[in-house]
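Proteins come first, then strands; the chains are lettered A, B, ... in the order of their sequence lines, and each starts at number 1. Everything numeric in this text was worked out from a predicted model, so none of it was measured.
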Protein chains: 2
Amino acid sequence: MARRTGDATREEIRNAAARLFRERGFARTSVRDIAAGAVTNPALVIRYFGTKELLFLDTMRFSIDDSPLFDVPLAEFGERFVEVLLADDDVRGVYLALVRGSNEPQIRARLQRIHEQTFVGPVRARLDGPDADVRAALAAAVVGGLLYSLWVVEDESLVTADRDDLIARYGALLQLALTGPTSHRPTAAPPR
Amino acid sequence: MARRTGDATREEIRNAAARLFRERGFARTSVRDIAAGAVTNPALVIRYFGTKELLFLDTMRFSIDDSPLFDVPLAEFGERFVEVLLADDDVRGVYLALVRGSNEPQIRARLQRIHEQTFVGPVRARLDGPDADVRAALAAAVVGGLLYSLWVVEDESLVTADRDDLIARYGALLQLALTGPTSHRPTAAPPR
DNA sequence: GTCTATATGTGGATAGAC
DNA sequence: GTCTATCCACATATAGAC
């Protein structure tokens, strides 16, 4: 086999790892599988990345493009946010691998950061008032509940539901978490 | 060491396994740890339960006592349901172990069954109309989102929040998922 | 500098002695 | 019924070939 540069090999290991971790998760992916996927050997995988967990952390990242949300009126934010989350196909695999690996402290820390940046952040930016932090956390919990039911549990009623209908219905629920049922005030306080 | 009967040893293995799986999860609990906890050896653990995964499935069960929910008026159901879920201390460990082990098809099947029985079931029993199934699934997703944020992600704002306040706030959100913001129907909640 | 071969320790599972 | 000895796959680490 022709030699590659270290960087090229490194990149192929990373690509193979990202694909396998997304498809099979952390536990069901062996360092040997990754090496085979990158047409090299297990020793090199460890040499470049230290441990299997560090390689996992190196590859299991995602961020959504939340720029389309900036201009959305607050009243439509819930539905549009759900739409954006379900739009990106890469998100699912990474999110699942992180949730299922979250018994490891470092992986849970990564999940916390992504939860904060992806779910809490965009919501928090649109709220104000003394309890905005808690309300953003509660709304993020509602958001997390959809991905959890849809991807972790694979609830049949949701998996087989019409995608647009799901976005409309769950978006409306999220909207209530954001602006509350009494929508007569400009920035809307929560119930109570 | 004095001999025990097979049934007694079996029970001690089960107890040790249940405790360790709840505390450390599936991946971080070894068959050797379980054997040591039951003061026996790994071979016997496998002999009695077949595989580590079958032992896990044998021990990781829970059900909530939802009988106090039967008499609750629909308008108060959301808050009371959240209260019941957070009341039982055993639920957390088992739920977490199942979520984190859900990459294994059999463990995911168990999680689905518990999700159905514990989250969807009690809600579904109180709803009617043509779309009751989907609405129950959506409400169950909201419920799952709380346990997910609180226990899997360990969102700081929620973990440190006052327990009663959390129950009141998230219960209100669940209530909206159940009976909706339009309060003109007989079974619906009164306007805030 | 890039990689192969190989060693070490852990963990799930099995065979067979008692 | 219980346990010792052992097997095999795996993550990880190191020595040294090219």
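The CG atom of B:N41 sits 16 Å away from the P atom of C:dG11 (whole-angstrom rounding).
Sorted by residue number, the members of residues 10-38 of chain A with any non-hydrogen atom under 4.0 Å from DNA chain D read A:T29, A:S30, A:V31, A:R32. Across residues 45-59 of chain A, A:R47, A:Y48 each have a non-hydrogen atom less than 4.0 Å from an atom of DNA chain C (numbered order).
With sequence neighbours excluded, the residues forming a ring pair (Phe, Tyr, Trp, His ring centres under 6.0 Å) with B:F56 are B:F21, B:F26, listed by chain and number. Listed by chain and number, the residues in a ring pair (Phe, Tyr, Trp, His ring centres under 6.0 Å) with A:Y48 amount to none (sequence neighbours excluded). Listed by chain and residue number, nothing satisfies the side-chain hydrogen bond (donor to acceptor under 3.5 Å, both in side chains) test with A:E76 (two or more places apart in sequence, or in another chain). For B:R28, the side-chain hydrogen bond (donor to acceptor under 3.5 Å, both in side chains) partners two or more places apart in sequence, or in a different chain, are A:E104. Under the rule for a side-chain hydrogen bond (donor to acceptor under 3.5 Å, both in side chains), the partners of B:D165 that lie at least two apart in sequence or sit in another chain are B:R169. Looking at residues two or more places apart in sequence or on another chain, you find no ring pair (Phe, Tyr, Trp, His ring centres under 6.0 Å) involving A:F49. With sequence neighbours left out, B:Y170 forms a ring pair (Phe, Tyr, Trp, His ring centres under 6.0 Å) with no residue at all.
Taking the nucleotide of DNA chain C with the nearest heavy atom to each of A:T40 and B:P42, the more 5' of the two is matched to A:T40.
At most 12 non-hydrogen atoms from other residues, nucleotides or ligands lie less than 6.0 angstrom from CD of B:E156.
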